[in-house]
Amino acid sequence: MYQKNPKHPSYGYFSWQLAYDGSVMDELPAPDGEEYYAMALYFAANRWGSGKGIYDYKAYADRLLHDMVHREPITGMVRQRGGLRQHTVGKEVNDEHGMILFSPDERNNMTDASYHLPAFYELWARWGPVEDRAFWTRAAAVSRDYLVKTTHPRTGLAPNYGSFDGTAFGFRGPATAAFREDAWRVALNWAADWSWWAKDPRQRELSDRIQAFFESQGMNTYGDNWSVDGTVLRQRHSPGLVATNGAASLAAANKERAARFTEALWNLDVPSSRVFRYYDGLLYLMSLMHTAGRFQIIMPHTPRSTPK
């Protein structure tokens, strides 16, 4: 997935989509991927230490974060489904707004609420490249505000894609401004941030709001695609959404209702549908890890002193 060619527009990033045989389907990067790679690399460095070459986890994490904030645009041909297309790809953040982008190519005029990971930014402000720590401190605060702005004040639903001011962005028409698959992750993001840092009490209100909405739609039957103001667009009861709604309990103030959503997560079968197997499955895995307390901050490793 990693693009090593310095002349390629996606140099230093990861292809966002591969086929089951490992062949690349789309060489463009998706910044949520780079965010998780960077965090995983720092945690690996903290747990096991950094070695040489590909095992120098911290060096690769630093390089990835540096590119996300500073990488100069590169124009060239990119392999995608349907053939080769020319793209210009640059950094993955917007400096003016202090936000992660939906994409670092020509769609760099928008963001995606499910890419906003203030829990991670707090750590990068401590462990990342020194010259960018102030940026990540700012990004954490900006993202917490953004998650409040972009969610509907009654339903707690966020649009799949958003403008920098928090309003929905339907770059493929009004349908893409709705609460769809990307937006399932938004509650997981704010709940994880509350679980790790507990810096923004508004996140408790967000969890209560979205859980109250879905409870009102039927705990065992609610659909998975909605207009942000609460009109159902698809009736599939997706395990991925059930999972993230369960993880939202980490921030919920209404403990009785939160327990019902956590139980719904616990009672899920391992996702096996061919519709969204990888996506439902990974949200299920991550939500279980978060609610079980297994998705934790891994602090830098301190070697034990040798007894005399």
Side-chain angles (χ1 to χ4, degrees), residues 32 36 112-120 122 140 143-160 162 166 178-230 232 236-268 271 276 279-296:
D32 58 329
Y36 272 93
D112 182 322
S114 73
Y115 291 12
H116 284 248
L117 295 164
F120 291 1
E122 286 280 347
S143 285
R144 290 177 181 127
D145 286 339
Y146 188 83
L147 294 175
V148 173
K149 289 179 183 177
T150 199
T151 50
H152 192 275
R154 179 178 58 83
T155 65
L157 301 178
N160 244 28
F179 176 87
R180 297 187 184 275
E181 286 74 23
D182 271 27
W184 298 354
R185 302 180 293 181
V186 177
L188 176 61
N189 292 359
W190 77 56
D193 185 45
W194 176 261
S195 176
W196 284 7
W197 302 104
K199 283 193 171 185
D200 191 343
R202 295 176 297 177
Q203 293 168 341
R204 311 205 76 186
E205 298 173 18
L206 293 177
S207 278
D208 283 346
R209 190 172 299 148
I210 197 170
Q211 288 189 336
F213 171 75
F214 280 114
E215 184 178 51
S216 73
Q217 303 303 312
M219 282 290 295
N220 300 314
T221 58
Y222 59 76
D224 65 0
N225 277 203
W226 299 78
S227 66
V228 294
D229 63 358
V232 67
R236 181 177 186 260
H237 191 60
S238 295
L241 178 57
V242 174
T244 55
N245 282 341
S249 298
L250 288 166
N254 187 320
K255 297 302 182 183
E256 291 184 5
R257 183 170 56 220
R260 291 192 287 273
F261 278 89
T262 305
E263 185 176 10
L265 163 60
W266 179 249
N267 288 334
L268 281 174
F276 296 124
Y279 194 60
D280 281 333
L282 286 174
L283 294 182
Y284 169 74
L285 171 64
M286 291 172 60
S287 297
L288 279 179
M289 291 178 68
H290 276 290
T291 53
R294 301 299 295 173
F295 200 127
Q296 298 178 345

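Throughout, numbering of the chain's residues begins at 1 and tracks the sequence. As the structure is a prediction and not an experimental result, all values here were calculated from the model.
Summarising the local packing, CD of Glu263 is surrounded by 12 or fewer heavy atoms from other residues, nucleotides or ligands at distances under 6.0 Å.
Residues His116 and Thr150 are not in side-chain contact: their nearest non-hydrogen atoms beyond the backbone lie 4.5 Å or more apart. By the 4.5 Å heavy-atom criterion applied to side chains, Arg257 and Arg260 are counted as neighbours. Proximity of Asp193 to Gln203: side-chain heavy atoms (C-beta onward) are separated by under 4.5 Å at one or more points. Between Tyr36 and Leu117, some side-chain heavy-atom pair lies under the 4.5 Å cut-off. Leu265 has its side chain within reach of Thr291: a pair of non-hydrogen atoms, C-beta onward, lies under 4.5 Å apart.
The CG atom of Asp145 sits 4.5 Å away from atom CZ of Arg202, with the distance rounded to the nearest 0.5 Å. In this structure, CG in Leu206 is found 11.5 Å from CG in Asn189, a value given to the nearest 0.5 Å. Taking CG of Leu241 as the start and CD of Glu181 as the end, the distance is 9.5 Å to the nearest 0.5 Å. For the atom pair CG of Leu288 and CH2 of Trp266, the computed distance is 7.0 Å after rounding to the nearest 0.5 Å. Here CZ of Phe179 is found 13.0 Å from CG of Asp229. Values are rounded to the nearest 0.5 Å. A distance of 4.5 Å separates NE2 of His290 from CG of Leu188, quoted to the nearest 0.5 Å.
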Fill in: side chain to side chain contact (heavy atoms under 4.5 Å, CB included) between Leu285 and Phe295, intermediate numbers included
CA-CA 10 Å; Leu285 171 64; Phe295 200 127; over 6 Å; no
Worksheet item: Can you list the steps and then say if Phe276 with Arg236 is a side chain to side chain contact (heavy atoms under 4.5 Å, CB included)?
Response: CA-CA 11 Å; Phe276 296 124; Arg236 181 177 186 260; 3.3 Å; yes
Worksheet item: Going through the distances and angles, do Tyr222 and Val242 end up as a side chain to side chain contact (heavy atoms under 4.5 Å, CB included)?
Response: CA-CA 9 Å; Tyr222 59 76; Val242 174; 3.6 Å; yes
Worksheet entry | Criterion side chain to side chain contact (heavy atoms under 4.5 Å, CB included) on Leu147 and Thr151, from CA distance to verdict | CA-CA 6 Å; Leu147 294 175; Thr151 50; 5.6 Å; no
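Contacts of Phe213 classified as ring-ring contact (aromatic ring centres under 6.0 Å, His included), with partners at least two apart in sequence or in another chain: Trp226. Shown here are the side-chain hydrogen bond (donor to acceptor under 3.5 Å, both in side chains) partners of Ser249, two or more places apart in sequence or in another chain: Gln211, Thr262. Taking Tyr279 as the reference, Trp184 meet the ring-ring contact (aromatic ring centres under 6.0 Å, His included) condition, with sequence neighbours excluded. The ring-ring contact (aromatic ring centres under 6.0 Å, His included) search around Phe261 returns none, not counting sequence neighbours. Partners of Lys199 by side-chain hydrogen bond (donor to acceptor under 3.5 Å, both in side chains), not counting sequence neighbours, listed by chain and number: Glu122. By the side chain to side chain contact (heavy atoms under 4.5 Å, CB included) test, Ala251 is found to be paired with Trp190, Ala191, Trp194, Ser207, residues two or more places apart in sequence or in another chain being considered.
Shown here for Ala158 and Val228, the closest heavy-atom pair between the two residues is C-CG1, 3.8 Å. Pro271 and Tyr284 get closest at one heavy-atom pair: CD-CD2, 3.5 Å.
With Asn160 contributing its side chain and Asp182 its backbone, the two residues share a donor-acceptor pair below 3.5 Å. Although no hydrogens or angles enter the test, the distance criterion places no donor-acceptor pair under 3.5 Å between the side chain of Arg209 and the main chain of Thr155. With hydrogens and angles ignored, the 3.5 Å screen pairs no side-chain donor or acceptor of Thr244 with any backbone N or O of Arg185.
Among the candidates Asn225, Asp280, Asp224, the single residue satisfying the side-chain hydrogen bond (donor to acceptor under 3.5 Å, both in side chains) test with Ser238 is Asp224.
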